[in-house]
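Each remark here refers to the structure printed beneath this line.
Everything numeric in this text was worked out from a predicted model, so none of it was measured. In what follows, chains are A, B, ... by sequence order, proteins preceding strands, each numbered from 1.
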Amino acid sequence: MRALGRPSTTIPLLLSLILIPLTLGMTFWWTPEDIDQGLSQKIFYLHVPIALASYAAFGYGAVCAALYLWKRTDDWDLRSYVGVHSGTIFGTLVLLTGPIWAKASWGVWWNWGDKQLNVFLILFLYYCAYFMLRFSLDEGERRRAASAVFVLLGVGLIPLSFLAVRIAETLIHPSVFTTTGAAMPSSFLLTFLVGLAGMLSLMALLMAIELRGKRAALRVLELQRRARGEDA
Amino acid sequence: MIRPALAIARVKLVLELRRREVLFAMLLFIAATIVIVHFALSGAGAGGERAAAGMLWAAVVFTAVLGLLRTFAAESEDGALDALLLAPIDRAAIWFGAALAQLGFLIVVEVIAVPVWWLLFFQHGGPRILPLVGALVLADVGIALVGTLAAALALGARTRDVLLPVLVLPLLIPLVLAGVTATYGAFGEESDVLRPLGFLALYDLVFAALAWGTSEHLLGD
Amino acid sequence: MIRPALAIARVKLVLELRRREVLFAMLLFIAATIVIVHFALSGAGAGGERAAAGMLWAAVVFTAVLGLLRTFAAESEDGALDALLLAPIDRAAIWFGAALAQLGFLIVVEVIAVPVWWLLFFQHGGPRILPLVGALVLADVGIALVGTLAAALALGARTRDVLLPVLVLPLLIPLVLAGVTATYGAFGEESDVLRPLGFLALYDLVFAALAWGTSEHLLGD
Amino acid sequence: MDAPAVSLSACSKRFGDRLALRKATLTVAPGETIVLLGPNGAGKSTLLRLVAGLLRPTAGSAQIGNAEACSAPRSLRAGLAYAGHRAQLYRGLTARENLGLHARLHRLTDLDIDAALDGVGLADRADERIDGFSRGMLQRLALARAIAHAPGLLLLDEPASGLDAAGRLLLDGVLMDGLGQRTQLIASHDHELPARLGVRTVHLAGGRLA
Amino acid sequence: MDAPAVSLSACSKRFGDRLALRKATLTVAPGETIVLLGPNGAGKSTLLRLVAGLLRPTAGSAQIGNAEACSAPRSLRAGLAYAGHRAQLYRGLTARENLGLHARLHRLTDLDIDAALDGVGLADRADERIDGFSRGMLQRLALARAIAHAPGLLLLDEPASGLDAAGRLLLDGVLMDGLGQRTQLIASHDHELPARLGVRTVHLAGGRLA
Ligand code: HEM
Ligand SMILES: Nc1ncnc2c1ncn2[C@@H]1O[C@H](COP(=O)(O)OP(=O)(O)OP(=O)(O)O)[C@@H](O)[C@H]1O
Ligand SMILES: Nc1ncnc2c1ncn2[C@@H]1O[C@H](COP(=O)(O)OP(=O)(O)OP(=O)(O)O)[C@@H](O)[C@H]1O
Ligand SMILES: [Mg+2]
Ligand SMILES: [Mg+2]
């Protein structure tokens, strides 16, 4: 377990502390207000980086799951779990900030006609199911393997969902709402990128803390067992 | 790999067909779904064809989930799964055999359900047969592959019956979308029925590959 | 009669719901179901309210069939049914306990599902609550009574009359149709919501009486 | 004189084409203990299940007390215990919950579950779900359940199977204690059991009482 | 010298909080027969399932031949047989169909199913669905299945349970025939079995080998 190294918390912590306030500052005092959407557009700098960070976390979880199945080292299982967990936490935030934005700009909480929303909903349900699976199995090798396999199936599901929604576009009535125009002022883009970096650092921090916690809990259990005279 | 899988699939189908009640429960379920949805949408006056397509696919998916709940039931009952795990065959063959049986089961149900559906909704006209059958078969393959995989994952779980639908349904959403789209296409409404059919084939391939790659880890402790 | 039935119902619910994740799983399950049905029917462009009502009832039936398939699963597993048959209680209490558990299960599912359904489809407006809840509860009672009866018949009649449960199960369709009608009524679309509710109540009474009368012969050899 | 505790008269049981029990006639006096011997498939389990009322005779009658076993009134069933090949327990419950359900169904308000579990050596496993129990532990729990409500008629089908040496001693103790106290009908493949208990044996073969 | 047929080294198995097997170390030479004794819950079944590869050790290793049991190649599994507490049979199939499936999975093209069934006294029940079988008949069928593919390593968990006197003789015969011919590991509560076979015993208690 040690061989896999200790995830650093200091670097992501420092980066988050700098970048997230910076994003907020840039959002409110630097970028100009959107002409069409006004103040509500500002949630963009929060919403989209969070969404992308959650995808990154799911991806990380899948990589670790594959490594687990290959190496069968418990720590990869922990990492995979932590990845999916953080991704789901951020996903919840997406599902919270998204509807707020939607209400502000479209006037409804949810638009069944929007691809991104639908795909994200499918994925969110899917990763919630991951937790169900994990907690319905008894702790042990089988649970780790089953969790890893399920995460890997998600790798297939994500692109397939996008594709399916695209193909079905004709049947899901096309969105009557126009999205923000493609031309983005450079201040938008820069703020967005800073925001993205901030969210990724926050994500890394979250995962490092959780991984440490989980490892410590395992270590405590191990010590308790040893104290009871059991070594396995 | 193929021969043991066929042997297992055969046994499972024999068992299923000897216990008729489950098959009946599914047919009933299909009938009920079609009737309810028909009734629910009857007042809406909207495109009858599209509603009919949706109905068919909703019924197919939920019937499949009901069938999946029983996938490894016979094996858990008396420890028969142990015997399969001990046999000198790949673990993939166990999963593949179960998937084949599930596919057979779905096809049996659809051979009965689709004509009923047709009779109820299309006294004249109706979708082109070939694309519809193609879409159903491709979707059945996907459902069987993915569903059996999920059933294998959920095998040791204590709350298996609640868990399995939760695992399977999100995985099947893209399949349903493509299936419905293909059925619309089969009505001649949309020009290209080939894109959704292609998607279904792709879906089957992707999950077959994923299942294949992970099948060693699916069953057993 | 009541006390043993309650004891049995409690055990069965404990077995189903012991783990708190089960509730969460149900929430997910309902959400996935609604999404699938929504996608399947989204092209139909049907009247929102009617489609919503149909969706709710389709989900209820599906969940009920899912639950009913398992009604006596825990008892058959290790011969626990023998212990119940041997206990100094009426056989009706066994069936009644199972029906209560089934009712509890359905109600728990709906307590989660209906608010989700409501949020998704009616951000403003929506059906009147009282008739809707009334229809659901009455229908749940009917489903639990008839469904458990069918399951008990299937259990006792292992050898021969597999057909009997199949005859009983279609009886659920009128129940659901009345439920959908009552839900329309609750939207204020139809004038009288009372007629379907009355029908549901009558249905429950008739089958309670029938089940009561036959319960001695339901289980065991 | 008392009515016989158990009486079979020309009792037959058919499963499909197979006659599992052929016109068995047997009377067991109250307080008597009988060991049922016979080869595999002889019909021992079928006989016990008929007496327990779990099966209905195809022909003839199986009575406990003065009632037909399969429709015995609740008062008679309250004094009956049957432990068969299957454990008759809910796999998803703990040992304590299983006995608790039994107590509630039998209205045993004052059953000391801890003592009952202790009696079969399961005191420290009371709150574990029984699907983690070993074969012998399940058998012990089934035994504890069978005697929990102090039955007057105890039907045991190969109660020693899966038990270790200590468990078999414990079982012998239970059976000894019951001698003369209650009617006991025990199916077994242990040919020394009748001698150990000093009781009558009944032989079954091919569904026929010998 | 040959590699040991079975070797456990510091092999432990944990279920949740319970250590079912603690650092068991055991070597069985090819052709050796060992009887595993120990009280209920000692860990006998767990040990056998580890050797069969149905469980994966929590720590340490369980090997058959030169491979880890839980990931043994097909060639090794072809020479392995395990009959546990559960019959591992499909309830809805007949005896013949069950053996037929076994033959197909093991590629035994020339298995004489009738002879195999006759060997355990089930010749006349070949075409009956086994959910009508008695306890002992199931156990006989499980035994027939276990030896059908002439395994080089035979793992039996309380194979005598449910068998009548004739069945136990038959079982003893099978075990005797296997002495020196194949490696045999037998969990049992029959303390006379080792002497009858004239073989080594291993004692387990509380998950520990003594
Ligand atoms: C994977 C998940 C998501 C990603 C990657 C994502 C990404 C984005 C992006 C890139 C935009 C900018 C709009 C554009 O330029 O096209 C956006 C806008 C928006 N998103 Fe999301 N989003 C996600 C999920 C959600 C969810 C779940 C909601 C919930 C309702 C939501 C609601 C919105 C709204 C209302 C807008 C504004 C659209 C507009 O201005 O017209 N998003 N999202
Ligand atoms: N449900 C059933 N369906 C069909 N046949 C049955 C059924 N139950 C028992 N039999 C048959 O009845 C006969 C007697 O079975 P029973 O279980 O009573 O034997 P047993 O004496 O208990 O044998 P064992 O010692 O093996 O337990 C057997 O031939 C068996 O196959
Ligand atoms: N799946 C499981 N989950 C939890 N605990 C288990 C499981 N399997 C076995 N155990 C526990 O491990 C211990 C050893 O069990 P095992 O079945 O190996 O005993 P055994 O020696 O075979 O006993 P018996 O003679 O009763 O068959 C027991 O305490 C048992 O409760
Ligand atoms: Mg018997
Ligand atoms: Mg054991």
Heavy atoms only: give me the nearest A:R166-B:R195 pair and the separation to one decimal. O-NH2, 4.0 Å
Would a 4.5 Å heavy-atom cut-off, applied to side chains only, mark A:L125 and B:L169 as touching? no
Highest number of heavy-atom pairs under 4.5 Å with chain A: which of B:L202, B:T214, B:L149? B:T214
Heavy-atom count around A:L221 CG within 6.0 Å, excluding the residue itself: above 12? yes
In short, A:L137 meets B:A157 closest at the heavy-atom pair CD2-N, 3.5 Å
Top of B:L175, B:L167, B:V176 for chain A proximity - count of heavy-atom pairs under 4.5 angstrom: B:L167
Heavy-atom distance under 4.5 Å to chain A: side chain of B:A152, backbone, both or neither? backbone
B:Y203 versus chain A, the contacting section by heavy-atom distance below 4.5 Å: both
Under 4.5 Å heavy-atom distance to chain B, tell me which part of A:R144 shows up: side chain, backbone, both or neither. neither
Sort out for me which of A:S161, A:A129, A:G140 touches chain B most, counting heavy-atom pairs under 4.5 Å. A:A129
Please report the interatomic distance CG(B:L200) to CG(A:L160), rounded to the nearest 0.5 Å. 10.5 Å
Residue B:F96 excluded, over 12 heavy atoms near CZ under 6.0 Å: no
Nearest 0.5 Å, please: how far is CD1 in B:I173 from CG in A:L121? 7.0 Å
If we ignore hydrogens and angles and just use 3.5 Å, is the side chain of A:R142 paired with the main-chain N or O of B:L153 as donor and acceptor? yes
Is atom CG of B:L130 surrounded by more than 12 heavy atoms (other residues, nucleotides or ligands) closer than 6.0 Å? no
Looking only at non-hydrogen atoms, find the nearest pair between A:G156 and B:F207 and report the distance. C-CZ, 4.3 Å
Is there side-chain contact between A:L163 and B:P174, with heavy atoms separated by less than 4.5 Å? no
With rounding to the nearest 0.5 angstrom, report the CG to CG distance, A:L153 to B:L210. 6.0 Å
Best-contacting candidate, B:V146, B:V166, B:V206, B:L163, against chain A by heavy atom pairs under 4.5 angstrom: B:L163
